[in-house]
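A short write-up of the structure that comes next.
All heavy atoms count here, side chains included; hydrogens, waters and symmetry mates do not.
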Amino acid sequence: MAKSSSLNVRVVEGRALPAKDVSGSSDPYCIVKVDDEVVARTATIWRSLSPFWGEEYTVHLPLDFHHLSFYVLDEDTVGQDDIIGKISLSREAITADPRGIDSWINLSRVDPDSEVQGEICLSVQTLEDVRGRCLHCHVLQARDLAPRDISGTSDPFARVFWGSQSLETSTIKKTRFPHWDEVLELREMPGSPSPLRVELWDWDMVGKNDFLGMVEFPPQVLQHNPPNGWFRLLPFPRAEEDSGGSLGALRLKVRLTEDSVLPSRYYQPLRELLMESVLGPAEEDAASPLAVLEELTSGDCRQELATKLVKLFLGQGLTGPFLDYLTRREVARTTDPNTLFRSNSLASKSVEQFMKLVGMPYLHEVLRPVINRVFEERKYMELDPCKMDLGRTRRISFKGAPSEEHVREVSLGLLTGYLGPIVDAIVGSVGRCPSAMRLAFKQLRQRVEERFPQAEHEDVKYLAISGFLFLRFFAPAILSPKLFDLRDQHADPQTSRSLLLLAKAVQSIGNLGQQLGQGKELWMAPLHPFLLQSISRVRDFLDQLVEVDGKEEAGGPARALVPPSMTVREGYLLKRKEEPAGLATRFAFKKRYFRLSGEMLSYSKSPEWQMRSSIPVSHIRAVERVDEGAFQLPHVMQVVTQDGAGAPHTTYLQCKNVNELNQWLSALRKASAPNPDKLASCHPGAFRSGHWTCCLQAERSASGCSRTHSAVTLGDWSDPLDPDAETQMVYRQLLLGRDRLRMKFLEDSNMDTTLEAATEQGSSAMEGACTDALARQREAAARLLKVLTDLDQAHEEFQQQEQGKVVSGPLRP
């Protein structure tokens, strides 16, 4: 039975942060860490004590993670960034409420003695001899210790306490991965049994030593189950210091999802019920198992359910029938065409998630050139007189303050200069739009035309498609490029305002100009002529978009979400130059343009360069961070490969910031996930001057000193399909609504009340139809409940088997 764990984190905003700059403000940003791994860094919000980030991350995790930490820092252009405070959430605190955490949490001071990380390997024996009882503590090694010195390393030694006695190991200089292999012998003193405590310290020549962590074992453990293996280091026990809000607070949303995924055969009955719903006749829509699931779904989890269902039907090659089923039901129950797909129904969310999953490369191809221009040129644009900063233009031009009319004319020219290429790119992209999207829009248009055939509703067939494509796809991506992977960082305030104006314009075009000149934003009027000219082009584009052969398949069963040949990530990285044989090691990094697909990691001097080198993804055995001290460079990662002959090779790559590093790590780990013989450990340093810089071992072929993190990836549109995990999530959703399912469809009183209401209307035909519909709903609910019972039983059986295998002990290497 496989297990999965994912963490959804949203860093919303901060408030009442302390001022760290002489100007009386701060430039805050937030770092998110899972255990000791930095997984995200928010944008810096300049000159703000109440920053709004609104950044969201999904992190796929190993099952043994312990805590999640948020560090708020003040960015300084000169010198080291100032630490404002931190929030640490244990795994237990996150899982205490199934809905997760959604609240303001006060920042606490960062105590160096609590900033511990890493593990220690011990083997303990208790022996009896003529002099009494003694304890042999074999201190073998430690790994991933916190760096306490300015060089990014530490000088660790271990101190062992048993009763009133204590002994120390030797000090290993300049390493976070010390190897001691020393046995310390301690004698038991008279009195009650004592616990064993092992502390790690960083030796300092000047000043006091720095604490690195500790482990402690009670007497019962020493007697019955002596420690032997790896153990996680802990801080000294102490109460969490509450700053009382003096350091400010963060508003966080955190939810941990953990699931045990059964073998595929157990989910087949539930999958068959869902597939049967979309393949059945239209008149049975309201009584299908999927319709029952839709009625049980609350708004909070509708987006997650929509994503899982879309991916599940993608894997079966049935997204077309699935989306047609949902939109058909939505159209059938809509009486006012102006409200069609305007709510966050399961149909609206499913089409929206489907576009993100299938159309993200298409979106990037259409919008990225213009979005990059907006970020690079950073032009000042404003049409709203209430927001115009006339003094800003004067400071830039030194020609005196311009009039509002002048700023409006310049802004209008700039806006149309960006909007023109955006509209051109969209209306010229028919051939590049994925066939799956075009088929879905064709089916949608057909359903809308059938429901609203009247001449006065001619625009509804266009609005139904443009409402998704423009209002839920293109416009949000223009407004927040980082959330759609168009940019690595959020925009600054000035660029954000420009993007907002462009998104509003694209939204108006998507509405086919129906609301132009209405509402509060009359200052957009100068753009109206351009928008009206674009609307006719958009209509033609939408007509061409649905001119696609309806017999084409968007994909067959078990299709990959991303074709192996498709580029999933690309950009410039710095690659370490290969070492010439027989010469001294050189740490020269050269700029190269990298492309990653499911098959190959290739690179060349520039995107246009024809001569390319490549690394087959199937050869990758590990993708890990590299300690900053290895090359005296930040944001370095290593790609460890093994060729056909079995020879290992390591490629070192440097990224420009921590977010780019995380994104490349995640993309490479996902691409190489199916590879066999993945490494369980590797060296986070470099082999230099005859030894590894991390653990100081003298052999290049020495086994790795740090665990690999192949399970830690960022969730995004390119996540691989996993039908079993997706069906498991649907099962969990049904469990939450099981009681409602019984009450709504299986309780006779509910059924009788509905039937009586139909009978009172005096229509025997209606009575018969209601009876049949209710019978079908009852049958669908009963079948769902039977499947849930079977899955419950399977989970219980596997859980009992797992508990029988579990043996309490140390961490595995």
Side-chain angles (χ1 to χ4, degrees), residues 7 31-41 59 61-71 73 83 85-94 108-122 139-159 172 174-180 197-204 209-216 229-238 240 624-630 634 658 661-662 665 680-685 693-695 704-709 711-712 810-813:
L7 195 63
I31 286 177
V32 185
K33 292 179 70 174
V34 174
D35 290 339
D36 310 325
E37 184 100 345
V38 177
V39 296
R41 181 203 191 274
V59 187
L61 296 167
L63 296 170
D64 57 351
F65 101 95
H66 297 92
H67 60 269
L68 174 70
S69 301
F70 301 85
Y71 293 81
L73 295 93
I83 298 177
K86 69 171 285 191
I87 293 170
S88 185
L89 301 173
S90 67
R91 181 197 188 102
E92 292 73 25
I94 297 171
S108 301
R109 286 183 173 81
V110 176
D111 178 8
D113 285 347
S114 69
E115 298 298 297
V116 303
Q117 64 181 60
E119 300 162 1
I120 186 170
C121 187
L122 302 170
V139 184
L140 289 96
Q141 58 182 308
R143 62 188 177 194
D144 294 310
L145 299 180
R148 294 300 194 210
D149 299 336
I150 195 170
S151 61
T153 62
S154 290
D155 304 319
F157 68 92
R159 184 179 291 157
I172 311 295
K174 297 181 179 179
T175 180
R176 298 193 306 115
F177 301 84
H179 284 249
W180 290 287
R197 187 171 79 253
V198 181
E199 298 176 0
L200 293 190
W201 293 83
D202 166 52
W203 177 83
D204 284 333
N209 297 331
D210 300 313
F211 180 65
L212 292 173
M214 59 158 281
V215 290
E216 188 170 71
W230 287 97
F231 301 89
R232 186 169 69 95
L233 293 170
L234 302 172
F236 280 126
R238 64 181 66 186
E240 183 78 15
E624 296 295 320
R625 299 171 188 270
V626 176
D627 285 345
E628 190 168 328
V658 68
L661 172 63
N662 285 327
L665 284 170
S681 62
C682 71
H683 291 281
T693 60
C694 46
C695 58
C705 56
S706 177
R707 287 197 292 180
T708 54
H709 302 82
V712 180
L811 295 170
R812 291 176 292 183

*salt bridge (Lys or Arg N to Asp or Glu O under 4.0 Å) between R176 and D627, worked out*: CA-CA 10 Å; R176 298 193 306 115; D627 285 345; 2.8 Å; yes
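- When all heavy atoms of V116 and L233 are compared, the closest pair comes out as CG2-O, 4.0 Å.
- Classification of R143 and E119 as a salt-bridged pair holds, one side-chain N sitting under 4.0 Å from a carboxylate O.
- Using a 4.5 Å heavy-atom cutoff, the side chains of W230 and Q141 are in contact.
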*Can you check side-chain hydrogen bond (donor to acceptor under 3.5 Å, both in side chains) on D149 and S154, steps first, answer last?*
CA-CA 6 Å; D149 299 336; S154 290; 5.2 Å; no
*Full working for side chain to side chain contact (heavy atoms under 4.5 Å, CB included) between R197 and V215*: CA-CA 6 Å; R197 187 171 79 253; V215 290; over 6 Å; no
*I would like to know whether F70 and K86 meet side chain to side chain contact (heavy atoms under 4.5 Å, CB included); could you show each step before the answer?*
CA-CA 5 Å; F70 301 85; K86 69 171 285 191; over 6 Å; no
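- Minimum heavy-atom separation, E624 to C682: CG-SG, 3.5 Å.
- To the nearest 0.5 Å, atom SG of residue C705 and atom NE2 of residue H683 are 5.5 Å apart.
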*Run the side chain to side chain contact (heavy atoms under 4.5 Å, CB included) check on T153 and T175 step by step: do they pass?*
CA-CA 5 Å; T153 62; T175 180; 5.8 Å; no
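- Surrounding NZ of K33 are more than 12 heavy atoms belonging to other residues, nucleotides or ligands, all under 6.0 Å away.
- Within the 4.5 Å cutoff, the side chain of N662 has heavy atoms near those of the R625 side chain.
- Side-chain contact check for V34 versus L61: some heavy-atom pair is nearer than 4.5 Å.
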*Go through M214 and F236 one step at a time and tell me if the side chain to side chain contact (heavy atoms under 4.5 Å, CB included) criterion holds.*
CA-CA 7 Å; M214 59 158 281; F236 280 126; 3.5 Å; yes
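- There is no side-chain donor-acceptor pair under 3.5 Å between N209 and R159.
- Atom CD1 in I83 sits 7.5 Å away from atom CD in E115 (nearest 0.5 Å).
- The minimum heavy-atom distance between A158 and L200, with the atom names listed, is CB-CD2, 3.5 Å.
- Residues V32 and V38 have side chains not in contact (no heavy-atom distance under 4.5 Å, counting atoms from C-beta outward).
- For the atom pair CG (D144) and CD (E37), the distance works out to 9.5 Å, reported to the nearest 0.5 Å.
- The shortest side-chain heavy-atom distance between W201 and P156 does not fall under the 4.5 Å cut-off.
- Closest heavy-atom contact between S114 and P235: CA-CB, 3.8 Å.
- Within the model, atoms CG of L145 and CG of D36 stand 10.0 Å from one another, a figure rounded to the nearest 0.5 Å.
- In this structure, OH in Y71 is found 11.5 Å from CD1 in I87, a value given to the nearest 0.5 Å.
- In this structure, SG on C694 lies 15.5 Å from NZ on K174, to the nearest 0.5 angstrom.
- Without hydrogens or angle criteria, R148 side chain to P112 main chain gives a donor-acceptor distance under 3.5 Å.
- Across I172 and W180, no two heavy atoms sit closer than the pair CG1-NE1, 3.5 Å.
- The two residues P147 and G152 have their closest heavy-atom pair at CB-O, 3.3 Å.
- Side-chain contact between L89 and H67 is absent, with no heavy atoms from C-beta onward closer than 4.5 Å.
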